[in-house]
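Following: one structure in structure tokens, then a few remarks.
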Amino acid sequence: MAGTVQDAGAGPPHRANGHKAGILARIFGAPSFSVIAATVALVLVIGVLRPTYLQASQLLDILQSSAYVGLLAAGMALLLSMREIDLSVGSMFGLCLISVAMLISAGFNTWLAAGAGIVLGGLLGAVNAAIVTYIRIPTIVATLATLSVFRGLAIAVTDGSQVASLPVADSFFTIVGGTVLGVPFSVIVLALMVIGLSLMLHHTPFGYRILAIGSNPGAAQFSGISANRVRTQVLILSGLLAGVAGVLGMAFFTSGDPNIGGGFELAAIAAAVIGGTPLRGGSGTILGAAVGAVLLNVVATGLTYFNVPANWSEFATGAVILLAVAIDSLARRRRAANQEK
Amino acid sequence: MPVLEASGVHKAYGGVIALRDCEFSVEPGSVHALLGENGAGKSTLVKMLAGVVRPDGGTIRLDGEPVRFTNSADAARHGVAVVSQELNLFPDLDVLANLFTKREPLRGLFFDRREMIAQAEPVLAELGLSVPLRAPVSSLTLAQRQLVEVAKALLTKPRVLILDEPTSALDDDSTRRLLGLLEVLRQREVAVVFVSHILEEVMQLSDVVTILRDGRVVMAGVDRKTLTIDDIVHGMLGDRPPAAVAPERRELAEDAPRLVAEHITVPGVLDDVSLDVRTGEIVGLAGLIGAGHQALLQVIAGTQAATGTLRLPGQQEAGAPPRGLRQAVRQGVALISGDRGLGLMAEKPVWENVIQVRTIALGRDGRFLSRGDLRERARSAIAGLGVRTAGVDQHAGQLSGGNQQKVVLAKWLAANPSTVLLDDPTRGVDVGAKADMHELVHTASDKAVVLLCSTDLDEIVSLCHRVLVFRRGRVAAQLSGDDLTRHRLLTEMNAPE
């Protein structure tokens, strides 16, 4: 079992026979199964109609541009599964990215600047956690405020203008912004994060605590699990992931726009929900969240292959979210009905 | 002629038959007790009569006419009202709004509050409930909320009133009032269905008794006067003898680890209370509501701030009482409450619940967890406890109340606590499961100090080696041995200061 990415925790009860159940049943029963199947199907459909879509470079491009929201969505899935939400992830992503750009532009070592960007993400997450814990307001309210505060900082420190003319020949830009064996560096990071976080969620006491709080906060607290502590840790983790995403984005874009990542928080929530993490808490899937981000991008890029005006892409994205959630809900109801029999 | 009558009704959930060929009828002006162990089919029958569940077959007649209630509101319109175990109140709304939910009298477009008050006041007076009508329900005590539920049902002027364990969390005073009220209902020719676990109450109160066992009626509409408690227990349990656990008078080792609390004070609640209990002892904390016995339990559990010192078994030095439940749990305290909402994750499998304290909260089983190991661990943890489940993968919420409480017990005992605090641990649990629980607590006391608060005096008397009776925040009496009787206990609790 070790080493495999276990996508469990929320599994429907018929799967509950655990390792005795067939591998197929486990795959089909996994909460992220729907989103993976939908993504693959959609890619194939577009590919059949427009074969150039299936070029490796095009597909890697889609993965590359999904990596940032994918990382944010992974953090979001953790938060949603404990009935919390972080609306500031897009702003944290932007602020971290812009901070790295400014440090590099000021002549700091690029790798140190990158490290500082990740640490900054963790600090921003800690700020969110501190507000929630000490002012005692719901996370959604606290992060609604810091959504603007962090974004506002990014705009204010740059005077609203881009940070450009960075040393793009530097090893940081060529490695982190480049590819390894043809695969974009950021995609590799996303994959590693998905594996690591999935193991964390489904195979460590910490992960079980997250799910326990989401399942029944009262019972969790009553068992000696500190909701404040776990929430703080997950908010910091969410910030760190935004920091990592910011650094990856910086390396790839090679310039810093203070408005970058606006709206990413909603995309991340959408990706997590499409991926199979319900808002009611108690279960979650990191893999689903990451694939959800990919699905959103597949839709957006697919449209351009059919000459759909770019102005319709927002509409299409919304439609996909509705469709994905509706199918999932129907499937869940059918499974529940089958169980009754 | 019966008002409400079920004949030949049956119901199955999945493959499990909850009720088969059941006959049940209530006459106006009589109180009909419906008894049975958890899982015997009582709840299913009650839900059918109240329109919540539709029978798979058979008929329900109201005044001799077959009826099919579409839902509980429909049943209520036909004069069948229910006061259920779970409270269905809106905590943020005031008492008045809760009494008239969805049937508020209107004047024009607005609520007619004057009319609402005029209707509500006599009913509340009848129940002996004096709370401000504009107070939000969240500011009421549990007992008061339960009476609000009763009042809400009475306001519909029901012809049939179903009381589903109405007294499981009421104090003696309110119970007495409810019993008085039932007397009134009887005179008003209301047919009452009464579901209760407290057999003495049933004997005091009901006219007719029906007993279910394993989904069948084993005793149908028998005159209560011809029955003894023994008959009823036998009917409920069948040939299984009621396991009465008498506390064995064991010799306690002089050097057994002890729990020592000294000078515990909570202003206005607890006044300089001290306690010394040895491992192996089961000590009851008794008193009327607010006497301080529950506060002491909370202090040890860390959920109530207090001054004074506390030394748990195994600790070298006395320190301040734990700050917060988390700290208490880490120090070896287990807190088992009768409030099942606090005990379990209903939508998670049994195994995830069982490992929650030891493996998850305390992290004692390492950093990397594999589900196979965890399920195995859970399986062995519940093995000795006689939990009736389809396996550790069954969702905890699907178990009967008694089995849920055993799972709660299992999850705490898995952490090898040095101190076990029981707060009304068998609330709403049937006779058989209760006896099982008592047996288990007894076994657990080999390795831990056990402190028990309970609304069930029999439980305290039969389970505890000694009992501390609290009055006004102080230990007023200590009972043990032959002094420890239900009668003495009740007298001490109510003794004037």
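As the structure is a computational prediction, the values presented were derived from the model and not from experiment. Values below: every heavy atom of this structure, side chains too, minus hydrogens, waters and symmetry copies. Below, chains carry the letters A, B, ... as their sequence lines are ordered, and counting in each starts from 1.
No other option in Ile355(B), Leu369(B), Val408(B), Val392(B) has as many heavy-atom pairs under 4.5 Å with chain A as Leu369(B). When the candidates Gln356(B), Lys411(B), Arg330(B), Gln327(B) are compared by the number of heavy-atom contacts under 4.5 Å with chain A, Gln356(B) comes out ahead. In terms of non-hydrogen atom pairs under 4.5 Å with chain B, the most contact-rich of Ser223(A), Gly224(A), Ser226(A) is Ser223(A).
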Query raised in the report: Would Asn128(A) and Thr143(A) count as a side-chain hydrogen bond (donor to acceptor under 3.5 Å, both in side chains) if you check the C-alpha gap in whole Å, the side-chain angles of each, and the deciding distance to 0.1 Å?
Result: CA-CA 6 Å; Asn128(A) 281 334; Thr143(A) 55; 6.0 Å; no

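Only the backbone of Leu344(B) comes within contact range of chain A, with at least one heavy atom under 4.5 Å from a heavy atom of that chain.
The main-chain N or O of Ala129(A) is found under 3.5 Å from a side-chain atom of Thr133(A) such that the two form a donor-acceptor pair.
Using cut-offs of 30° and 60° for the angle between ring planes, the His203(A) and Phe368(B) rings count as parallel.
One distance of note links CG of Leu240(A) with CD of Gln233(A); it measures 12.0 Å at 0.5 Å rounding.
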